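A short write-up of the structure that comes next.
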Protein chains: 2
Amino acid sequence: MSPKKSASAAKIFRAAESPATTSEMAFRAAKDKLRPALIALQQRLRTEARCPVIIVLAGVRGAGVIDTLNLLNTWMDPRWIATHAFDAPNSEQDRYPAFWRYWRCLPAAGAMGLFLDGWYDTVLGLDGRAAKQEVDRRQLIAQIATFERTLADDGALILKFWLHLDEAEHKQARRKHGHTADPILGLEAADHAWRKHLPYKRYRQAAANVIAATHTRQAPWHIIGGQDANHRRLAILTALHNALTRHFAHKPKRAPKTAPRGATVRNDILKQIDLTQTLNAKDYAAAFRRLQPRLYDLQDAAHTAGVPSVLMFEGWDAAGKSGAIRRLTYALAAPTYTVVPIGAPTHEERAHHYLWRFWRALGGAGHMTIFDRSWYGRVLVERVDRLIPEAMWRRAYDEIQTFEQHLTQAGVLLLKFWLHVDPQEQLERFKARANDPNKRWKLTDDDWHNRRKWNTYVQAVNEMVRRTSTPNAPWHMIPANNKKFARIAIMEIVAAGLNQALAARGHR
Amino acid sequence: MSPKKSASAAKIFRAAESPATTSEMAFRAAKDKLRPALIALQQRLRTEARCPVIIVLAGVRGAGVIDTLNLLNTWMDPRWIATHAFDAPNSEQDRYPAFWRYWRCLPAAGAMGLFLDGWYDTVLGLDGRAAKQEVDRRQLIAQIATFERTLADDGALILKFWLHLDEAEHKQARRKHGHTADPILGLEAADHAWRKHLPYKRYRQAAANVIAATHTRQAPWHIIGGQDANHRRLAILTALHNALTRHFAHKPKRAPKTAPRGATVRNDILKQIDLTQTLNAKDYAAAFRRLQPRLYDLQDAAHTAGVPSVLMFEGWDAAGKSGAIRRLTYALAAPTYTVVPIGAPTHEERAHHYLWRFWRALGGAGHMTIFDRSWYGRVLVERVDRLIPEAMWRRAYDEIQTFEQHLTQAGVLLLKFWLHVDPQEQLERFKARANDPNKRWKLTDDDWHNRRKWNTYVQAVNEMVRRTSTPNAPWHMIPANNKKFARIAIMEIVAAGLNQALAARGHR
């Protein structure tokens with residue numbers, strides 16, 4: 001993952017720096033074959049909607065990045081291509097984790113996203129706030145590699161193009177700029193004007209390092225010489241055509257849906273939770289009265305100070321998640337928090353990576369986002385009900401850790417709760433719901449279905465807690481047989497978390 | 001539309017200021033009937049997905065707004081209710097027209113949106129930047145009334161609750177605050193703490209004026225006394241239940257799909273366009289070379305100065321919209337513009353008002369958003385192909401004018417282009433496309449279908465241009481039989497528009 005101290009730029013760019021040209025006639029002949037084929041592939045992509053296509057366009061100034069952007073939109077149906085070029089992050093984007101702006105504009109299955117410089121602007125020193133420290137740069141490169149692997153693992157087709165010029169050509173391109181007679185070539189003006197001028201040698205070495213560290217089988221770099229427009233255009237057209245053709249030739253083999261392994265759990269974490277803890281009405285009321293104004297003040301301060309938080313509730317059906325969330329939010333000012341209930345994904349959500357909807361739902365600086373169920377559905381219901389192959393939920397532990405790292409590294413206070421009840425208590429609550437006309441709707445067939453899988457869930461929960469408890473994002477296991485106890489325990493943890501987050505920023 | 005100088009607050013709030021109470025027993029009895037019915041109605045709403053439900057909650061501080069918010073989320077399935085409480089606009093939101101933040105979070109058909117203070121915060125002086133001028137206030141009230149009518153016309157069910165207290169109760173509520181022993185009543189603390197204290201008498205009069213001016217059949221205010229929690233809760237529950245019941249009792253009568261009227265058009269605007277205008281290759285190249293750097297500089301300046309623009313292209317099939325857009329964007333820096341191609345609406349878009357997706361696609365300050373086809377589809381294809389009843393597209397002229405006013409009033413440079421060709425030219429281009437393997441995909445059955453309806457379109461275009469050309473958002477009719485002429489004409493208009501917009505802000 002981590003880049004070599006200095007990749008061999010000469011080796012990486014050798015072919016691209018050797019003049020290669022394609023005659024106009026050869027280009028036209030090849031294009032006239034490739035382009036209709038590409039259109040057909042794009043239509044098939046859209047119809048089958050099997051995966052999104054992500055294209056990163058980067059390169060040396062003057063090497064034709066903008067020309068490529070325009071041509072891709074010309075060669076194919078632009079209705080299914082969205083182009084994304086990012087300014088230096090604006091004040092709004094700075095309120096979110098760094099990758100938020102990429103996640104939210106990822107294409108849906110069947111569509112293409114064209115990303116100018118992709119997520120490489122900072123690491124290449126293009127966004128005006130280059131990662132100065134080597135350690136920052138290495139961390140960012142590792143994040144990029146993980147990001148691309150996560151998308152590719154989910155089936156995304158990723159192509160990255162580096163358009164290159166050698167130093168002499170680069171200088172010549174700069175001189176030429178502004179003196180272009182041909183209006184069609186004139187489009188390179190925008191390329192020149194937009195793309196910052198960076199000292200060639202340093203930029204070339206930085207690019208070589210980044211390319212070496214992020215060139216993977218799943219997200220390969222195509223290094224293309226930009227000197228000759230015909231050569232460059234044909235190379236891109238061919239690479240794209242071949243990648244799509246390979247994609248459709250490859251039958252996605254559905255991994256066998258293996259049964260979850262036997263239900264014995266060593267060191268059952270859930271067993272260690274003391275479910276006998278209770279709180280009587282009087283103590284509950286007293287704690288509530290004490291905590292409510294405290295929580296109000298803390299979240300008010302966090303809101304003012306721009307400290308964001310993400311609270312996430314998982315637990316058995318009828319464990320009291322919604323009730324606990326409601327008691328918590330009673331204490332908060334309405335504009336400072338959002339409750340996000342997570343159910344089955346919508347049409348649009350299903351067409352994206354499973355983490356996409358959680359990225360989209362994140363609040364900005366100072367906002368508290370409360371998830372009622374969460375991304376852990378991947379390793380709970382989707383695992384237990386075998387909705388996805390084993391390899392997918394196994395992979396998800398790392399994906400989730402990465403997602404949560406993005407949050408905590410951006411200064412988000414992340415609190416994860418598991419609300420635990422025992423099977424007897426759950427049964428009583430189910431019965432009570434069934435008998436209460438006001439609450440009957442809360443009890444569904446799914447609840448009874450999940451209850452029958454209790455032991456399989458125990459195993460899944462144990463593995464989940466073990467694999468995703470990290471120093472910055474530990475699980476809080478809440479004994480919830482007694483609702484009053486659980487609610488106060490949660491409020492205490494939230495108050496302590498906010499207090500600590502504020503203190504860490506010097507606000508307490 | 002415009003409010004009376006001073007509505008009679010005494011009359012409006014009479015009932016709400018007379019103490020009305022409901023005993024605990026009466027409340028429970030009524031609730032136990034109403035709540036299961038409400039759940040059933042909510043499920044039916046979701047299943048049939050006929051319309052969105054929009055609930056505005058506003059009122060005097062201490063009258064129970066937050067309590068109502070919590071109870072609605074308790075009484076119903078919170079997964080289908082999204083709550084929206086708005087801070088004073090943050091720096092990001094200030095980059096957009098004022099109603100942008102409301103539009104983008106409107107619920108889809110089948111869902112409910114709970115809006116705390118709704119779009120009334122500014123007009124009630126709650127958002128910290130009260131409309132100080134009477135004329136501003138009147139204009140804002142008119143905008144609110146139009147906004148609600150637009151949504152209701154599209155089928156949205158709108159309920160607005162004003163929770164009230166008389167002055168003595170209001171004072172008492174303020175005294176009580178902080179001394180509440182019951183943790184369940186404690187939730188009112190958040191209401192108190194959050195909602196600004198405003199001088200009672202002035203606030204009451206402002207509210208009366210606003211209520212009088214925005215109380216319509218389609219979006220009525222329910223004025224509810226907040227003194228007695230049982231009375232208040234029951235009143236809200238009942239109003240919501242009744243509104244939903246009425247909604248389902250009411251069979252939506254499909255308006256007859258009347259044929260567009262005869263195809264004679266007086267003063268055919270399209271006939272007046274001089275289609276003989278051409279530009280030869282040399283003049284084209286010269287103009288292109290002159291305009292390209294100019295456009296680059298202008299949009300660069302607009303980007304820096306925060307001047308947003310919306311460019312919108314309509315025209316006959318094969319009139320050259322996409323080509324013209326591409327030539328224009330050749331000259332622009334990629335991060336400063338977005339092209340939004342408009343096709344058939346997605347699943348999610350169909351579940352919203354037809355203008356929703358255009359609001360969502362708007363760029364912020366300094367950004368240029370280019371629509372390839374647009375909201376005018378409502379009065380073009382949807383009218384001509386009778387996809388909607390006549391009343392709907394007739395109404396759309398006003399709706400579109402309002403939408404465009406929101407843009408121009410927020411300082412958006414709005415440029416609307418109609419690209420005109422004659423039927424002979426179109427036929428030649430269709431044939432050329434059919435014969436070019438690279439372009440064959442661009443020609444669809446729709447194109448031939450639309451061509452057969454040429455005369456009906458002529459009528460629709462004429463009416464559209466007449467009804468939606470306003471001083472701030474005129475139509476630019478572009479002769480496009482000659483592509484070179486059309487492209488340069490458009491670039492000239494965009495350059496002039498940007499220049500003027502910058503000059504108006506003192507940047508030129």
Side-chain angles (χ1 to χ4, degrees), chain A residues 31-32 35-36 39-40 43 66 69-70 73-75 77-79 83 85-87 90-92 95 116 178 180-183 186-187 189-190 193-194 284-285 288-289 292-293 296 300 322 326-327 329-336 338-339 341-343 346-348 364 372 437-438 440-442, chain B residues 31-32 35-36 39-40 43 66 69-70 73-75 77-79 83 85-87 90-92 95 116 178 180-183 186-187 189-190 193-194 284-285 288-289 292-293 296 300 303 322 326-327 329-336 338-339 341 343 346-348 364 372 437-438 440-442:
Chain A
K31 192 195 77 171
D32 284 349
R35 200 179 146 192
I39 287 289
Q43 279 184 351
I66 297 294
L69 153 72
N70 288 320
N73 274 293
T74 311
W75 284 334
D77 188 337
R79 281 175 300 166
T83 302
F86 300 98
D87 264 332
N90 63 28
S91 63
E92 173 70 0
R95 297 163 60 94
L116 288 202
T180 310
D182 180 351
L187 53 90
W194 166 53
Y284 175 62
F288 209 96
R289 271 199 303 280
Q292 196 171 50
Y296 180 88
D300 192 49
S322 305
R326 217 150 43 230
R327 291 331 180 278
T329 57
Y330 281 176
L332 307 176
T336 67
T338 307
V339 179
I342 298 299
T346 66
H347 195 264
E348 195 186 8
D372 188 349
N438 282 332
R440 198 169 291 150
W441 62 276
K442 287 191 179 176
Chain B
K31 192 194 78 174
D32 286 350
R35 201 180 144 191
I39 288 290
Q43 281 184 348
I66 298 295
L69 153 71
N70 288 321
N73 274 295
T74 310
W75 285 334
D77 189 337
R79 281 176 299 166
T83 302
F86 300 98
D87 264 332
N90 63 29
S91 62
E92 174 69 0
R95 297 162 61 95
L116 290 203
T180 310
D182 180 352
L187 54 88
W194 167 53
Y284 175 61
F288 208 96
R289 272 199 303 281
Q292 196 172 48
Y296 179 87
D300 191 49
H303 188 240
S322 304
R326 217 151 40 230
R327 290 335 180 275
T329 57
Y330 282 175
L332 306 176
T336 68
T338 307
V339 179
T346 67
H347 196 264
E348 194 187 9
D372 187 350
N438 282 331
R440 200 169 291 150
W441 62 276
K442 286 189 180 180

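The structure displayed is predicted, hence computed values, not measured ones. Proteins get letters first, then strands, A, B, ... in listed order; numbering begins at 1 in each.
- Note: A/Asp77 leads A/Thr83, A/Val339, A/Asp77 in heavy-atom pairs under 4.5 Å with chain B.
- Chain A forms more heavy-atom pairs under 4.5 Å with one residue of B/Gln43, B/Lys31, B/His347, B/Arg326 than with any other, namely B/Arg326.
- Contacts of A/Thr336 with chain B are absent, with no heavy-atom separation under 4.5 Å from either backbone or side chain.
- The distance from the CZ atom of B/Arg327 to the CG atom of A/Asn70 is 9.0 Å, given to the nearest 0.5 Å.
- Proximity to chain A involves both the backbone and the side chain of B/Thr74, based on heavy atoms less than 4.5 angstrom apart.
- The backbone N or O of A/Asn438 sits less than 3.5 Å from a side-chain atom of B/Arg35, completing a donor-acceptor pair.
- Ranking B/Glu348, B/Arg440, B/Lys442 against chain A, the residue ahead of the rest is B/Glu348, based on heavy-atom pairs under 4.5 Å.
- Counting heavy atoms from C-beta outward, A/Pro335 and B/Leu116 have side chains that stay 4.5 Å or more apart.
- No donor-acceptor distance shorter than 3.5 angstrom exists from the side chain of A/Asp300 to the backbone of A/Tyr296, with no hydrogens or angles considered.
- The minimum heavy-atom distance linking B/Tyr330 with B/Phe288 is given by the pair CD1-CZ, 4.2 Å.
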